[in-house]
Asks: 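Structure below; questions to follow.
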Amino acid sequence: MERRNGALGELTHDAQQVVSEMTSVLFRLKAYKLLRKILLGFIFVSVANVLFSYLFYTPKMYRIVRANRELVDRCLVLQERISAAQREVEAIRHRDERVYRSLFAVAPASGSVTELSPERGAEAEPGPYAELAAGIGRRLDELTLAIYNESRSFDELQALAHDKERMSASIPAIWPIDRAALHNNHIGAFNPRRMHPILHRIAPHNGVDFGCDRGTPVYATGDAVVEIAAPRGENGGFGHQILLDHAFGYKTRYAHLSKVLVSRGDRVVRGQKIGETGNTGRSTAPHLHYEVIHKGVPVNPINYFNRDMTAEEYDRLLEELHDTNFEM
């Protein structure tokens with residue numbers, strides 16, 4: 001009886017173990033099925049989300065697209081404003097060169113900066129808006145450069161305006177001799193293409209010749225500093241001569257003198273007697289050779305007598321000018 005009870009106990013224990021193992025297996029199977037369903041659901045939702053995002057705009061994408069459109073619209077408005085500013089700067093530059101500088105008789109501003117900074121956005125990642133951003137950067141650089149150059153130009157004009165009174169007194173503006181001393185209003189013309197009367201070839205005549213008696217007083221035509229005072233020697237055919245530096249790019253030459261009454265470095269004022277006419281150097285008769293030089297280039301001195309003449313006198317003088325043979 002006891003042996004039978006022992007066998008029955010062992011059988012019950014084995015059955016319990018089997019039942020426990022089956023229960024564990026069933027639990028793992030259920031857990032596996034649940035996990036598989038969760039994973040499949042996650043994959044399905046992810047794929048569906050990707051497909052939906054690709055085929056349809058989400059609210060977030062709608063917000064991004066709307067923001068991008070607003071950004072492009074703002075960039076286009078900015079481009080229009082830059083264009084308007086560039087037109088304004090161009091109008092200012094035109095007035096600078098054609099009006100303000102004409103009033104001061106000065107050339108366009110020199111030393112303008114022409115190199116642009118490296119292209120904005122050039123190192124940005126390529127994208128649908130990269131070209132738009134780079135274009136705006138270039139336009140801004142060009143506008144900045146134009147404003148900088150105009151600022152420098154106006155600084156120069158401001159300095160000229162500050163020196164306006166001194167400039168007005170310095171620019172050649174009167175006759176270098178008394179007009180009454182002329183022989184029959186005899187003035188030789190400024191002629192860059194003159195046929196030389198002795199050499200019989202083209203030899204520029206870079207001044208005007210005033211036929212007059214030896215010893216006629218010669219006057220400074222504007223305030224200046226004496227750069228050359230040569231009371232002796234041929235001096236390249238000019239004979240005894242004076243060269244005045246009026247500043248502001250202007251110089252005047254008085255050649256073939258009989259007397260030089262100033263020295264190098266002297267300051268002279270308009271109307272001051274600086275010498276007397278003569279027949280020195282490469283000259284055939286007493287006269288004054290007078291030049292006006294602007295920024296190193298000889299210009300027609302007659303254009304600087306108009307301040308001392310009426311319009312009728314100026315026109316008549318232009319008609320009476322002719323080539324002379326005062327100089328060899």
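Note that the coordinates shown come from a computational prediction; the quantities given were computed from them, not determined experimentally. Residues: numbered from 1 along the sequence shown.
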Asks: When rounded to the nearest 0.5 angstrom, what distance separates CZ in Arg139 from CD in Gln79?
Replies: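 Going from CZ on Arg139 over to CD on Gln79, the span is 6.0 Å.
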Asks: Flag the pair Tyr250 / Ser170 as yes when at least one side-chain heavy-atom distance between them is below 4.5 Å, and no otherwise.
Replies: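 No; the side chains remain at least 4.5 Å from each other.
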Asks: With the side chain counted from C-beta on, respond yes when Met167 and Ile171 share a heavy-atom pair under 4.5 Å apart, and no when they do not.
Replies: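 Side chain of Met167 against side chain of Ile171, heavy atoms only: contact under 4.5 Å found.
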Asks: Between Val268 and Leu261, is there a shared hydrophobic cluster once you connect ILVMFWY residues whose side-chain heavy atoms come closer than 4.5 Å?
Replies: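 No, because Val268 and Leu261 fall into different hydrophobic clusters, even though each may have its own neighbours under 4.5 Å.
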Asks: Considering only heavy atoms from C-beta outward, does the side chain of Asn68 approach that of Ile64 to under 4.5 Å?
Replies: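 Counting from C-beta outward, Asn68 and Ile64 do come under 4.5 Å.
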Asks: How many angstroms lie between OH in Tyr32 and NZ in Lys37, if you round to the nearest 0.5 Å?
Replies: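 Spacing of OH (Tyr32) from NZ (Lys37) equals 12.5 Å.
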Asks: For Thr221 and Trp175, which heavy atoms make the closest approach, and how far apart are they?
Replies: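 Scanning both residues, the minimum pair turns out to be CG2-C, 4.1 Å.
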Asks: I need the Ile38 CD1 to Lys33 NZ distance, nearest 0.5 Å.
Replies: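 One finds 14.5 Å between CD1 of Ile38 and NZ of Lys33.
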Asks: Partners of Arg214 by salt bridge (Lys or Arg N to Asp or Glu O under 4.0 Å), sequence neighbours excluded?
Replies: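 With sequence neighbours excluded, Arg214 shows a salt bridge (Lys or Arg N to Asp or Glu O under 4.0 Å) to no residue whatsoever.
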Asks: Closer than 3.5 angstrom, by distance alone: can the side chain of Ser151 be matched with the main-chain N or O of Ile147 as a donor-acceptor pair?
Replies: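 Judged by distance alone, no pair lies under 3.5 Å.
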Asks: Any donor and acceptor pair, going by atom type alone, linking the side chain of Ser153 with main-chain N or O of Asn149 inside 3.5 Å?
Replies: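 Answer holds: no.
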Asks: Can you name the nearest heavy-atom pair linking Ile242 to Leu244, along with the distance?
Replies: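 Residues Ile242 and Leu244, closest heavy atoms: CG2-CD2, 3.7 Å.
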Asks: Assess, by modelled atom type and distance only, whether the side chains of Thr252 and Tyr304 contain a donor and an acceptor separated by less than 3.5 Å.
Replies: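 Looking only at side-chain atoms, Tyr304 and Thr252 do not form any donor-acceptor pair under 3.5 Å.
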Asks: Using atom types as modelled and distance alone, determine if a side-chain donor or acceptor of Ser283 lies under 3.5 Å from a backbone N or O of Thr280.
Replies: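 Between the backbone of Thr280 and the side chain of Ser283 there is no qualifying donor-acceptor contact (under 3.5 Å).
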Asks: With a sphere of 6.0 Å drawn around CZ of Arg267, does it hold more than 12 non-hydrogen atoms of other residues, nucleotides or ligands?
Replies: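 Open.
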Asks: Using 4.0 Å as the upper bound for N to carboxylate O, is an ion pair formed by Arg87 and Glu90?
Replies: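 Judged by the 4.0 Å cut-off on N to carboxylate O distance, Glu90 and Arg87 do not form a salt bridge.
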Asks: Determine whether Ile274 and Leu243 fall in the same hydrophobic cluster, where Ile, Leu, Val, Met, Phe, Trp and Tyr are linked whenever their side-chain heavy atoms lie under 4.5 Å apart.
Replies: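 No: no chain of side-chain contacts under 4.5 Å links Ile274 to Leu243.
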Asks: Taking all non-hydrogen atoms of both residues, which atom of Val89 and which atom of Ala146 are closest, and how far apart?
Replies: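 Scanning both residues, the minimum pair turns out to be CG1-CB, 3.7 Å.
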Asks: Does any non-hydrogen side-chain atom of Lys30 lie less than 4.5 Å from one of Leu34?
Replies: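 SC-SC contact between Leu34 and Lys30 ruled out.
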Asks: Do Tyr219 and Val292 sit in the same hydrophobic cluster, where Ile, Leu, Val, Met, Phe, Trp and Tyr count as joined when their side-chain heavy atoms come under 4.5 Å apart?
Replies: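 Result: no, two separate clusters.
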Asks: List the atom of Pro217, the atom of Lys273, and the distance in Å for their closest heavy-atom pair.
Replies: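 Smallest interatomic distance, heavy atoms only, reads CB-CE, 3.9 Å.
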Asks: Quick check on the hydrophobic clustering: are Ile302 and Ile177 connected, directly or via other members, by side-chain heavy-atom contacts under 4.5 Å?
Replies: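 Shared cluster, yes.
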Asks: Assess the residue pair Glu80 and Leu76 against the criterion (side chain to side chain contact (heavy atoms under 4.5 Å, CB included)); give the C-alpha distance rounded to whole Å, side-chain angles, the decisive distance to 0.1 Å, and a yes or no.
Replies: CA-CA 6 Å; Glu80 288 297 325; Leu76 295 177; 5.9 Å; no
Asks: Side-chain contact, heavy-atom cut-off 4.5 Å: Thr277 with Pro286?
Replies: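 No, side chains not in contact.
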Asks: What's the shortest heavy-atom distance between Ile136 and Cys75, and which atoms?
Replies: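 Looking at all heavy atoms of both residues, the shortest contact is CD1-CB, 3.6 Å.
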Asks: To the nearest 0.5 Å, tell me how far Arg81 CZ sits from Arg74 CZ.
Replies: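 The distance works out to 10.5 Å.
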Asks: Are the ring centres of Phe210 and His287 closer than 6.0 Å?
Replies: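 Not under 6.0 Å, so no.
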Asks: Hydrophobic clustering (ILVMFWY, side-chain heavy atoms < 4.5 Å, transitive) - are Tyr254 and Leu182 grouped together?
Replies: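 Both belong to a single hydrophobic cluster.
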Asks: Check whether any side-chain heavy atom of Leu288 lies under 4.5 Å from a side-chain heavy atom of Thr216, and answer yes or no.
Replies: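 In short, these two side chains do not touch, never coming nearer than 4.5 Å.
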Asks: Are Glu142 and Ile82 side-chain neighbours, meaning at least one heavy-atom pair lies under 4.5 Å?
Replies: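 Sidechains of Ile82 and Glu142: no contact.
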Asks: With heavy-atom distances below 4.5 Å as the criterion, would you say the side chains of Val218 and Tyr290 are in contact?
Replies: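 They are not in side-chain contact.
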Asks: Could you tell me which non-hydrogen atom of Gly207 sits nearest to which non-hydrogen atom of Pro301, and how far apart they are?
Replies: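 So the two residues come closest at CA-CG, 4.4 Å.
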Asks: Quick one: CG on Leu145 to CD on Glu150, what's the gap to the nearest 0.5 Å?
Replies: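 The CG atom of Leu145 sits 10.5 Å away from the CD atom of Glu150.
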Asks: Using atom types as modelled, flag every donor-acceptor pair under 3.5 Å from a side chain in residues 223-241 to any protein atom, sequence neighbours excluded.
Replies:
from   : atom 1 : to     : atom 2 : distance (Å)
Asp223 : OD1    : Arg270 : N      : 2.7
Glu227 : OE1    : Lys251 : NZ     : 3.0
Glu227 : OE2    : Lys251 : NZ     : 3.3
Asn235 : ND2    : Arg232 : O      : 3.1
Asn235 : ND2    : Gly233 : O      : 3.3
Asn235 : ND2    : Gly239 : O      : 2.7
His240 : ND1    : Pro231 : O      : 3.3
His240 : ND1    : Leu257 : O      : 3.3
His240 : NE2    : Pro231 : O      : 3.3
Gln241 : OE1    : Arg253 : NH1    : 2.9

